Each structure stands twice: as C-alpha cells, then as structure tokens.
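Side-chain atoms are counted along with the backbone in the values below, which use heavy atoms only and exclude waters and symmetry mates. Please read these numbers as outputs of a predicted model, since none were measured by experiment.
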Amino acid sequence: MTSVETEQEDDRSEQATRSSMLANRIVLLGASNLTLSLRLAIQQIQHCCGGPSEVLAAVGHGRSYGQSSQVLIRELPGIIESGLWSQLDSGCARPTYALLTDIGNDILYGYQPAQILQWITWCIDQLQRQSASIVVTNLPITSIESLSEWRYQFFRNVFYPFCQLSRREVIECARAVHQGLIQLAARKHYVLCEQDPAWMSPDGIHYAFGSRRRLYQHICKHFSEVHELACRAERKQAFFSSWQQRPQFAYKKMWGKERLCPQPSGLLADNTVVSLY
C-alpha cells in the first residue's frame, strides 16, 4: 500500500469513527440571517437536542429556495437544486431536526407567492420523508409593513438593486406568503415561528446583531424534547462553540467558473461535522 493509499485509508477510518459518534442530524435552510449565525443556530439546536451532530446546510447571502442566485461574483444553486437532498436521502437513519428561514428573498427576485410556497412545500415533503422535526420562521410581516417608503427604496437599492417592485407590491406578496405558510403549517403539521419585530434591524428583514442569541434561543426551543439532553448540551456549550475547520460550499461559481469541494468540509470542536451546499 502506497503512502497516499495509507493516508486515504486513515481518512476513511477517521470519518467512520466520527460518524458513529454523531447523535443526530441538523438540516439548516436559509439565506443571509442563517449564514451570519450558522454556528449559533447549530449551538442552540444542540442545546435543545444534544450533539455532536451531522449538519447539512444550504445557506448563503441572497440565497433563493428555487433558482440560482448571484451576489457580486459568487453564484449558488437554488436550495431545492443543491446536493443537500441527495446526501439527506443517502445518509444513515438519525433523529433529524430542520430549520427553514429567510423565505422572503424570492419575493424581491420577482417570484410569485404560489411559486415560493410550492418550493417550501417541496422542502417540507422531503424532510418529512426523513421523519424530521421541522421549525419554519414566518416572514417578519410587521417589520416589512412598517418600512417607510424611503427606507424601502434605500434598502431595496442596496440589497436588491435589480428589483423594480414597489413597496406596495412587495408588501402584498409578503402578506400572501405569510398567510400561505400559516395554512401550510396547518396541513403539514410543522412548527411555524412568528418573528418579533424587536429582533429586526432597520431594514426590516435582517436580524439585529444584539438580538441574534436571544432570537435563536426562542426559535430553537421548539426542538426541545428531553430536558436532560438540554442540560448536558448546555454544559458542553463552551467546548463545541469554536470552528476547527470552517465549511466551504460543495458547489459554487466564482466569476462564472465552477468550484467544487468534498463534503463534509466543516468541523466543530465537539466533532460535529458540517456539509455546506
């Protein structure tokens, strides 16, 4: 056996050992808010459900649930088009906890509420095939409705310069998606978490930095099942909060050129492994 083959065999053995230690699976779907708080969201779910975990995340600034999206020079596939779903289907059976958030981006991309809700329904169906416990955050409708015309125009031009929708059109679509998620939750029996306006920054859609820990504690408490697990996770909290290796996207385009990265690509200090799609 060559040195390269020996190294590859050692890597496979290490991965198998880590996999056998994993207590559960966490699936995270979202855009900017989840991207900025990825480690925190993992930590808060583990606080409720234990760890270490296998984490499958499809996140990214400006991420669309259904279509490819581009921010500056980086392009990512839509969440439903990502490699997360094949990995989810092929993985071993584990307790699975899923958080879906940042659903409103697609309104500013010009997609109709019915199309957006269809994409979310597809995600819910795939997760329920895995018997996942699912929490979805609804659109922060109060914050969106409270945006003044000048604030709306300013933040739309900053974050979505290609968007030509008026404030009235965006609010109408946001109300339709908000109500649609309520109806979908009643049919699909997942937890729908309404968002407190106090969590939001002046743009009405992104979380204020100082609110992030408190709001993720509130959102993720819906996953709590066993109090003893929560207490044990809390004692480990300081240990697993640091990255040993930050995750890289499995697939993205930079300047139009494809870049691939094997998964899992991220590692936390408690041996939680993170795959980023």
Side-chain angles (χ1 to χ4, degrees), residues 28-37 41 58-81 99-124 135-186 190 192-212 214-216 218-219:
L28 300 172
L29 309 180
S32 295
N33 282 318
L34 201 49
T35 300
L36 293 169
S37 302
V59 300
H61 296 292
R63 195 76 183 261
S64 165
Y65 269 83
Q67 298 292 332
S68 62
S69 57
Q70 184 169 341
V71 173
L72 300 177
I73 63 171
R74 186 227 67 207
E75 182 178 343
L76 294 172
I79 288 174
I80 66 171
E81 300 171 330
L99 173 63
L100 287 72
T101 188
D102 295 324
I103 293 170
N105 265 352
D106 284 305
I107 294 174
L108 279 301
Y109 289 142
Y111 296 106
Q112 293 299 307
Q115 178 64 80
I116 297 169
L117 292 167
Q118 183 179 336
W119 290 333
I120 300 303
T121 301
W122 187 90
C123 293
I124 296 293
V135 175
V136 178
T137 62
N138 209 339
L139 272 65
I141 193 65
T142 301
S143 298
I144 294 170
E145 291 174 335
S146 69
L147 283 173
S148 64
E149 183 65 33
W150 77 265
R151 273 203 300 159
Y152 169 76
Q153 293 284 347
F154 175 78
F155 288 115
R156 187 196 67 177
N157 291 338
V158 170
F159 296 122
Y160 306 92
F162 49 82
C163 179
Q164 298 300 312
L165 295 174
S166 68
R167 174 179 173 274
R168 178 183 58 80
E169 290 171 322
V170 167
I171 290 176
E172 287 178 357
C173 288
R175 287 171 176 164
V177 173
H178 182 271
Q179 186 60 36
L181 289 173
I182 294 173
Q183 295 170 352
L184 186 60
Y190 59 79
L192 184 65
C193 183
E194 295 293 343
Q195 306 208 58
D196 188 336
W199 298 343
M200 312 312 293
S201 65
D203 65 20
I205 57 173
H206 292 107
Y207 296 142
F209 180 80
S211 300
R212 289 179 189 172
R214 182 171 70 255
L215 70 90
Y216 277 106
H218 175 81
I219 292 169

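Here Ile116 contributes atom CD1 and Gln118 contributes atom CD; the two are 11.0 Å apart, rounded to the nearest 0.5 Å. How far CD1 of Ile120 is from CD1 of Ile79: 7.5 Å, rounded to the nearest 0.5 Å.
Residues Val59 and Thr35 approach most closely at CB-OG1, 3.6 Å, considering heavy atoms. The two residues His218 and Cys193 have their closest heavy-atom pair at CD2-SG, 3.8 Å. Closest approach of Glu81 and Ser68 over heavy atoms only: OE1-N, 4.0 Å.
Proximity of Asn138 to Ile182: side-chain heavy atoms (C-beta onward) are separated by under 4.5 Å at one or more points.
Judged by distance alone, with hydrogens and angles left aside, the side-chain atoms of Arg156 form no donor-acceptor pair with the main-chain N or O of Leu108 at under 3.5 Å. A donor-acceptor contact shorter than 3.5 Å is absent between the side chain of Gln115 and the backbone of Gln112.
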Mind listing the side-chain donor-acceptor pairs of residues 201-208 below 3.5 Å, one per line with the distance, residues two or more places apart or on another chain?
residue : atom : partner : partner atom : Å
Ser201  : OG   : Asp203  : OD1          : 2.9
Ser201  : OG   : His206  : O            : 2.9
Asp203  : OD1  : Ile205  : N            : 2.9
Asp203  : OD1  : His206  : N            : 2.9
Asp203  : OD2  : His206  : ND1          : 2.6
Tyr207  : OH   : Gln195  : OE1          : 2.5

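Side-chain polar atoms of Ser64 and Ser69 form no donor-acceptor pair below 3.5 angstrom. No side-chain donor-acceptor contact under 3.5 Å links Tyr65 and Asp102.
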Q) Is there a side-chain contact (heavy atoms from CB on, under 4.5 Å) between Leu36 and Arg212 once you walk through the steps? A) CA-CA 10 Å; Leu36 293 169; Arg212 289 179 189 172; 3.5 Å; yes
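Heavy atoms of other residues, nucleotides or ligands lying less than 6.0 angstrom from CZ of Phe162 number more than 12. Environment of CD1 in Ile73: crowded, with over 12 heavy atoms of neighbouring residues, nucleotides or ligands closer than 6.0 Å.
Residues satisfying the ring-ring contact (aromatic ring centres under 6.0 Å, His included) test with Tyr111, not counting sequence neighbours, are Trp119.
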